[in-house]
Amino acid sequence: MTSPDRRSFLTTSASLAFLADLPSVSAQDAKPNPKLVHLDSGIEPLVRVIEDTPREKLLEEMASRIKKGLAYRDVLAALLLAGVRNVEPRPSVGFKFHAVLVVNSAHQAAMAGPANERWLPLFWALDNFKASQARNIVERDGWRMKPVDESKAPSPERAREQFISAMEDWDEERADSATAILARTTQPGELFDLYARFGSRDFRSIGHKIIFVANAFRCLEVIGWHHAEPVLRSLSYALLNHDGKNPSKNDLEPDRPGRRNLELAAKLKAPAPNRADPKVTATVLTEARTASANGLSDLALSHLKERAGHRAVWDGLFLAGGELLMRQPGIVALHSLTTLNALHYAARTTSDATTRNYMLLQGAAFVPLFREAMTSRDKVGDAKIDALFDISDSARPRAEDVFRTLSKDKRAAANLAMTFLAGDAGHAKELMDEGRRLIFLKGTDAHDYKFSSAIMEDAELISPAVRDRFLAASLFWLKGTGAADSPVAKRTRAALA
């Protein structure tokens, strides 16, 4: 992928004379550091540039290289690898670790956006990495991923068995060595099924574990499986994050729904169809307002047994997540939707029927857990997504009108969106395109990219009958036209001019 035509959208210019002061990357610089995880030799020098260039100069340095022919895919790969090598997923799989979690979301946004704006999300993510790198130095004493201990690595024949037992025992050392061998010897599809299971088994870090699973594998599909080993080692380490008590030896609250649902999913023999059913969807949405984690999982299970279809249940869960966001537009509700996006991706990607059912049952369990987690944060409102209405007596608005209103009144913007959308797939695309453009220009946080990429993907996959309400609810986190432009977007434009 070559760099895009910048003349149509970059109007500012910046002097790049200061780049002459930056050190060049010599062959010696590119040699592996024996104390750090080894990367593919072709990408190591570029990763070093990202790691070593000061934050205030990195965008200009990368712009200079892009103008000389540096490919988009190489920037994407180096950014992800710099993240997993320099940012530890501790004490939580979140916060500073969003530098890793957001890479695929930025890529998704770039690919869905106009061709002449595709560098903007990646440059934002490059700048975000430098902030997380600095925070990691302070919080984790400069943690960096070390080489795998080859002396403790299992044989290829025993790597899968050791990986499973280590993950079940929450044993980081054994999981790490097994991961390295699996990355070298095992097909991606087989590994994805394993990681989907372990990434969704517990409700720690408000969904970030399964989000990392989905985003890691999706990004590796683009940059190449030869980069998988350090990425999967970081992923295994992240999935084993817990709060001090070994979950394999304790009956802890975050693990109970997952253990129960794994047993239930295994008992569903016949695969359920993937069809919509408005009555089932409405029932799931209604019950999600009050049901416990087990209660909503049981409802989903009963619908699957009645052959109601996966899609009907997923539609209800997505609406329930959108309603949570309307009730409390904040971090917890936002993650109900990004987590559902990751679980849904895993369900439609896996080749294993039990894993597919497990993802759905875990999605049903997580929605009530997110609802309960919201109560400890702030006031939870009583908005209902099925109460959004088409302002039919007004003139038909434009997408720009919706986002202009959003800067003043979220609820009014959501109702205006219902009028604009009116069940028209073309209007849905217009709304998403405008929302994405505003993220490019005004996004300042990893959640802006994670959330917008997730809900815009899901809006294209859920049933048309529920799409309008889902998109209208998503406005409670998207950017309005009145938001300030991102300083990083301004720097990117100047650097690439």
Side-chain angles (χ1 to χ4, degrees), residues 193 196-204 206-207 209-210 247 250-324 327 332-333 335-337 339-348 350 352-375 380 384-386 458 462-463 466 470:
D193 288 347
R197 171 190 159 189
F198 288 113
S200 60
R201 66 178 168 177
D202 64 302
F203 191 68
R204 294 180 179 85
I206 57 173
K209 292 184 178 184
I210 189 61
N250 294 276
D251 180 26
L252 303 174
E253 187 66 32
D255 306 299
R256 290 171 189 161
R259 289 170 178 167
R260 180 175 183 269
N261 285 334
L262 189 60
E263 294 180 2
L264 295 176
K267 295 177 181 178
L268 283 170
K269 301 299 181 184
N274 189 35
R275 60 172 177 252
D277 186 326
K279 291 183 179 179
V280 169
T281 296
T283 300
V284 172
L285 172 61
T286 299
E287 291 301 313
R289 292 166 178 156
T290 57
S292 66
N294 287 350
L296 200 59
S297 293
D298 287 344
L299 178 65
L301 181 68
S302 68
H303 285 311
L304 294 183
K305 287 181 176 178
E306 294 167 4
R307 311 283 293 159
H310 275 240
R311 184 179 231 191
V313 180
W314 279 115
D315 284 347
L317 296 178
F318 281 123
L319 289 179
E323 185 171 280
L324 291 181
R327 292 184 169 190
V332 177
H335 282 96
S336 72
L337 288 165
T339 299
L340 286 172
N341 170 262
L343 289 166
H344 189 240
Y345 172 80
R348 68 180 192 269
T350 181
D352 182 73
T354 297
T355 301
R356 186 176 302 111
N357 292 329
Y358 185 50
M359 296 301 105
L360 180 57
L361 295 180
Q362 284 295 80
F366 282 6
V367 167
L369 295 177
F370 277 111
R371 188 193 71 224
E372 293 166 8
M374 287 165 56
T375 61
V380 179
K384 292 186 177 180
I385 195 169
D386 47 5
D458 294 330
I462 62 178
S463 301
V466 302
F470 180 73

Any [X] side-chain heavy atom under 4.5 Å of [Y] side chain:
X    : Y    : value
R201 : Y358 : yes
H303 : T283 : yes
K209 : D202 : yes
P257 : F203 : no
D255 : R204 : yes
D458 : L340 : no
T286 : D386 : no

CA sep, side-chain torsions, deciding dist, call: H310, H344, side chain to side chain contact (heavy atoms under 4.5 Å, CB included): CA-CA 10 Å; H310 275 240; H344 189 240; over 6 Å; no
Minimum heavy-atom separation for [X] and [Y], please, with both atom names.
X    : Y    : value
A196 : S200 : O-OG, 2.8 Å
A333 : M374 : CB-SD, 4.0 Å
V280 : A308 : CG2-CB, 3.9 Å
P368 : A291 : CB-O, 3.3 Å
A288 : R371 : O-NH1, 2.7 Å
R311 : S463 : CD-OG, 3.5 Å

Full working for side chain to side chain contact (heavy atoms under 4.5 Å, CB included) between L324 and V332: CA-CA 9 Å; L324 291 181; V332 177; over 6 Å; no
Side chain to side chain contact (heavy atoms under 4.5 Å, CB included) between R260 and L361, intermediate numbers included: CA-CA 10 Å; R260 180 175 183 269; L361 295 180; over 6 Å; no
Rounded distance (nearest 0.5 Å) linking atom [atom1] of [X] with atom [atom2] of [Y]:
X    : Y    : atom1 : atom2 : result
L299 : L304 : CG    : CG    : 9.5 Å
D298 : S292 : CG    : OG    : 7.5 Å
L262 : R197 : CG    : CZ    : 5.5 Å
T354 : D193 : OG1   : CG    : 10.0 Å
L268 : N357 : CG    : CG    : 5.0 Å
Y345 : T350 : OH    : OG1   : 10.5 Å

Ion pair E323/R327, N-O distance below 4.0 Å: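 Looking at E323 and R327, the cut-off is met.
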With T281 via side chain to side chain contact (heavy atoms under 4.5 Å, CB included) - residues at least two apart: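 Residues passing side chain to side chain contact (heavy atoms under 4.5 Å, CB included) with T281: A312, D315, L319, V466.
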So, [X] side chain and [Y] main chain: donor-acceptor pair closer than 3.5 Å or not?
X    : Y    : value
T339 : H335 : yes
N341 : L337 : no
N250 : L252 : no

Results of side chain to side chain donor-acceptor pair (under 3.5 Å) for D251 - residues two or more places apart only: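 Result, side chain to side chain donor-acceptor pair (under 3.5 Å) vs D251: R256.
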Residues W314, L343; criterion side chain to side chain contact (heavy atoms under 4.5 Å, CB included); working and verdict: CA-CA 10 Å; W314 279 115; L343 289 166; 3.9 Å; yes
